[in-house]
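The block underneath contains the structure these notes are about, expressed in structure tokens.
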There are 2 protein chains.
Amino acid sequence: MAVKSNKTAEFPRPQVTVDVVILTLREGALQALLMKRGAAPFEGQWALPGGYIHPQEDQNLDAAARRILRDKAGIETPYLEQLQGFGDGKRDPRGWTATFAYFALVAAETLDPQHGANAEAVAWRNATEKQKLAFDHAEILATAVARLRSKVEYTTLPVHLLPPKFTLPDLQRVYEQILGRKMDKSAFRKRMAEADFVEPVPGEQRPASNRPAQIYRVKRGFKTIFFDRTI
Amino acid sequence: MAVKSNKTAEFPRPQVTVDVVILTLREGALQALLMKRGAAPFEGQWALPGGYIHPQEDQNLDAAARRILRDKAGIETPYLEQLQGFGDGKRDPRGWTATFAYFALVAAETLDPQHGANAEAVAWRNATEKQKLAFDHAEILATAVARLRSKVEYTTLPVHLLPPKFTLPDLQRVYEQILGRKMDKSAFRKRMAEADFVEPVPGEQRPASNRPAQIYRVKRGFKTIFFDRTI
DNA sequence: TTAATAGTGTCTCTAAGACACTATGAA
DNA sequence: TTCATAGTGTCTTAGAGACACTATTAA
């Protein structure tokens, strides 16, 4: 907040938007939901779902992000966290703009991008390989992937990429796919048990042509758990 | 970025600002630089230094934060990182506003708040006790302190609260003051040695009425180091 | 009985914490 | 010589990783 509020009022104020990186695990890869732009600038190019803040409708920034998630992708209650602000004079050819970028995690099984507003212009695209996107959205996407990878190392975030019921081998596979390396089963299960954020669903198992796996769910009141790091 | 760019143009766009939490360690406590507001709203109340983005002057958000740091507090090269965005319809009585909040760490010894623009309206205040500030600045300040505390647990951030030359006992005291607990000297020094981000200044020691301490400085090319945390 | 994956137990090794020890300068 | 703090060495213990083992189902 400026102490003197109108000193610079003669200059155009930057436009500000909210953009959301929606990540999921599909076909064994991390994918992001992108939309094809229908208007200039960057008409026809792929971009992150986003939009302006609606002051009469959005209570706060988080609410604006949730509205965008709902309107553009038909997603109601994903994991959502603020990623980072991006702003400069070059990202939009129309002038200085800024955006509050969010990132959301959803289970591929629980959603259908076709339910969004303009269905044909929505697609899942691989999130980890470099690609050209409108504005600075490639950079925002890369930042989101980096943030996820970093947090996966020491949090329970990956459960949000699974449906409500899952097995421990499922969960381990999610960690392994995001981090791109194998993990020891025994050590993994010890840490999950210690973190104490999932519980077996009594009597439910996943049948298979081998030993069936116990089905788990996230405990009630669960919040993301951070594992120990020491200074 | 909205696909349709002018659909909501009839509604007032939120004003957006950049605010900076400047933290230092003075008198054994974590303190924040605050400014007394000279105009409505919240005239006469204390607030974080901040201001509007100057599109012709600021290359990007970080540059805007650095300009505010320079103009309001006379600080040139502190540690600076983006904290979080805050925005809603209630924080400013004039309507929906949003801010990109930053936090900066500076060594108390290397700066004098009197060098800022309006000196008499600038003061260091304890950052950890609750206080009433203009807008939602108390919440922003609390968020910055929480972020610092959390990062201190597993990074080398605290060096930025010391002058360029310091001793290892100095550094340990910074960690202890922020975290509010004693640390084991031997373990602390082992970790600092392992992180390998400081080096002794050859031949320089801090004289005292006891064994003098070796003086250290941060290594060239140093970037914040994260200690291990495992999933 | 076999194949395949779920799930557990055990051993080793590293690293953190506790704590005792030595080092060094001023008074 | 004493005091105070700097700086190092050693022991114990907890936890991570490696890896071998057992369990359970369908075919």
Side-chain angles (χ1 to χ4, degrees), chain A residues 28 150 152-156 158-159 162-163 165-217 225-231, chain B residues 28 152-156 158-159 162-163 165-177 179-217 225-231:
Chain A
S150 141
V152 163
E153 291 279 359
Y154 59 91
T155 70
T156 55
V159 276
L162 288 173
K165 291 182 177 184
F166 53 87
T167 68
L168 289 185
D170 286 343
L171 185 56
Q172 186 174 344
R173 266 186 292 275
V174 174
Y175 275 92
E176 290 176 344
Q177 281 175 344
I178 298 174
L179 292 174
R181 67 162 196 265
K182 288 281 175 197
M183 307 182 81
D184 182 79
K185 185 170 48 162
S186 172
F188 179 81
R189 296 170 81 103
K190 264 185 268 179
R191 275 186 300 256
M192 293 303 124
E194 193 203 350
D196 192 35
F197 70 109
V198 293
E199 60 186 3
V201 183
E204 288 196 42
Q205 302 193 326
R206 163 135 358 129
S209 75
N210 45 40
R211 176 169 175 174
Q214 174 63 47
I215 288 183
Y216 283 78
R217 66 180 164 223
I225 286 155
F226 290 73
F227 294 84
D228 276 348
R229 208 178 233 185
T230 44
I231 190 69
Chain B
V152 164
E153 290 281 358
Y154 59 91
T155 70
T156 55
V159 275
L162 288 173
K165 291 183 177 183
F166 53 87
T167 68
L168 289 186
D170 285 345
L171 184 55
Q172 185 173 347
R173 267 186 291 275
V174 175
Y175 276 91
E176 290 175 344
Q177 280 175 345
L179 293 175
R181 66 162 196 263
K182 288 282 174 195
M183 307 180 80
D184 182 78
K185 185 171 46 168
S186 173
F188 179 81
R189 295 170 83 103
K190 263 185 268 178
R191 276 186 300 254
M192 293 304 123
E194 193 204 353
D196 192 36
F197 69 108
V198 293
E199 60 186 5
V201 183
E204 289 197 39
Q205 302 193 324
R206 160 124 13 116
S209 75
N210 46 39
R211 176 168 175 176
Q214 173 64 47
I215 288 183
Y216 283 79
R217 66 179 164 223
I225 286 155
F226 289 73
F227 294 84
D228 277 347
R229 206 179 235 185
T230 44
I231 190 66

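Here is the naming used below: chain letters follow the sequence lines, and residue numbers restart at 1 for every chain.
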In whole angstroms, the gap separating P of D:dA16 from CE of A:Met192 amounts to 11 Å
Rounded to whole Å, CZ of A:Arg189 lies from C1' of D:dA18 at a distance of 17 Å
For A:Gln177, the side-chain hydrogen bond (donor to acceptor under 3.5 Å, both in side chains) test, sequence neighbours excluded, returns none
Rounded to whole Å, the OH-P distance (A:Tyr154 to D:dA16) equals 17 Å
So OG1 of B:Thr167 and CZ of B:Arg173: to nearest 0.5 Å the spacing works out to 6.0 Å
Residues at least two apart in sequence or cross-chain that pass salt bridge (Lys or Arg N to Asp or Glu O under 4.0 Å) with B:Lys165, listed by chain then number, are B:Glu204
query: Going through the checks in order, is the salt bridge (Lys or Arg N to Asp or Glu O under 4.0 Å) test met by B:Glu153 and B:Arg191?
result: CA-CA 12 Å; B:Glu153 290 281 358; B:Arg191 276 186 300 254; over 6 Å; no
A:Arg191 CZ to D:dA14 P, in whole Å, measures 19 Å
In whole angstroms, the gap separating C1' of C:dA6 from CZ of A:Phe166 amounts to 16 Å
Can you pull every protein N or O that's under 3.5 Å from an N or O on nucleotides 11-13 of chain C?
none

Applying side chain to side chain contact (heavy atoms under 4.5 Å, CB included) to A:Ala195 and not counting sequence neighbours gives A:Phe197, A:Ile225, A:Phe227
Distance col, row B:Met192:CE vs B:Thr156:OG1, nearest 0.5 angstrom, shows 8.0 Å
Those residues at least two apart in sequence (or on a different chain) that pass salt bridge (Lys or Arg N to Asp or Glu O under 4.0 Å) with B:Arg189 are none
The complete set of side-chain hydrogen bond (donor to acceptor under 3.5 Å, both in side chains) pairs with one or both residues in residues 205-216 of chain B, sequence neighbours excluded, reads B:Asp170-B:Arg206
Under a 4.0 Å heavy-atom criterion, the protein footprint on nucleotides 19-27 of chain D, written with B, S and -, is B---BBBS-
Aromatic plane relationship, A:Tyr154 with B:Tyr154 - under 30° parallel, 30 to 60° tilted, over 60° perpendicular:
tilted
Separation of C:dG25 atom P from B:Gln214 atom CD, nearest Å, is 12 Å
Taken to the nearest whole Å, CD/B:Gln172 to C1'/D:dA6 is 11 Å
Taken to the nearest whole Å, CZ/B:Arg181 to C1'/C:dA18 is 15 Å
